[in-house]
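Here is the structure we will look at, set down as structure tokens.
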Amino acid sequence: MPFGPEFASWDANEVITPVTAAVIGLSLVESAYMAEIIRGGLLGVEQGQRDAARAMGFTPGQTFFRVVLPQAMRVIIPPGGSQFISVLKGTALVSVIAMSDLLHSVQVVYNRTYEIVPMLIVACLWYLAVVTLFTVGQRWLERHFSRGHTTGGLTRRPNRMTDGASA
């Protein structure tokens, strides 16, 4: 209690470690964006899909997991993956709270060797490799969840009568 008797006390630096601060900070920054992406993806599924599932006798849980979520994932994954990669690149910011991440490790090395530019290039290459790996994974997920979905208009079937084929 402020200005009153002390029941318990603890050091804030022991309770909130640099890892905890980094996770809380990055989560708070990105949670609103991700919530909006997920909301938009779920609202992007037409109401007729839910009605059809209800007509087939699906429970609300079955409707969500078997009908709505697979269709929403096709819309959620591209911006969600981009946000994840943005957070991955944003982890360089946690070096300012003395957490040992890639950029902090590079700073420790170049403070000893005085080779600043080569060490920063190495850090850039590592970030590039990790981001490329996650981009490939995101592309695979996008292809997986967009199976069976056509992006263009109606597919034209050949017509024997109008295409000049003999009957």
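Counting from 1, the numbers follow the sequence of the chain as shown. Side chains included, hydrogens not; waters and symmetry mates left out as well; all remaining heavy atoms used.
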Check whether F84 and V130 end up in the same hydrophobic cluster, where Ile, Leu, Val, Met, Phe, Trp and Tyr are linked by side-chain heavy atoms less than 4.5 Å apart.
yes
With the threshold set at 4.0 Å, does a side-chain nitrogen-carboxylate oxygen contact exist between E142 and R139?
no
Indicate, with yes or no, if V109 and I116 share a hydrophobic cluster defined by side-chain heavy-atom contacts under 4.5 Å among Ile, Leu, Val, Met, Phe, Trp and Tyr.
yes
Short question: side chain of R66, backbone of A53 - any donor-acceptor pair under 3.5 Å?
no
Are the side chain of R147 and the backbone of H144 linked by a donor-acceptor contact shorter than 3.5 Å?
yes
Hey, mind stepping through V122 and V106 against side-chain contact (heavy atoms from CB on, under 4.5 Å) and telling me if it holds?
CA-CA 8 Å; V122 168; V106 165; 5.5 Å; no
Between Q49 and E46 (side chain of the first, backbone of the second, donor and acceptor by atom type, cut-off under 3.5 Å), is there such a pair?
no
R50 and V45 have their tightest heavy-atom pair at NH1-O, 3.0 Å
What's the shortest heavy-atom distance between F145 and R74, and which atoms?
O-CB, 3.8 Å
Gap separating the CD atom of Q83 from the CE atom of M34, nearest 0.5 angstrom:
7.0 Å
Correct closest heavy-atom pair for V68 and L42 would be CG1-CD2, 4.0 Å
What about V75 and L69, same hydrophobic cluster or not, with Ile/Leu/Val/Met/Phe/Trp/Tyr joined at side-chain heavy-atom distances under 4.5 Å?
no
Could you tell me the separation between the OH atom of Y33 and the CD1 atom of I37, rounded to the nearest 0.5 Å?
10.0 Å
Using 0.5 Å steps for rounding, measure from the CZ atom of R143 to the CD1 atom of I77.
12.0 Å
For a quick test of reading the model, state the closest non-hydrogen atom pair linking I76 to G41 and the distance between them.
CG1-CA, 3.8 Å
Are F65 and I38 co-members of a hydrophobic cluster defined by side-chain heavy atoms under 4.5 Å apart?
yes
Euclidean distance, E115 CD relative to I121 CD1, rounded to 0.5 Å
11.0 Å
With a 4.5 Å cut-off on side-chain heavy-atom distances among I, L, V, M, F, W and Y, is there a chain of contacts connecting M73 to L141?
yes
Is a side-chain N or O of S86 found less than 3.5 angstrom from the main chain of S82, in a donor-acceptor match?
no
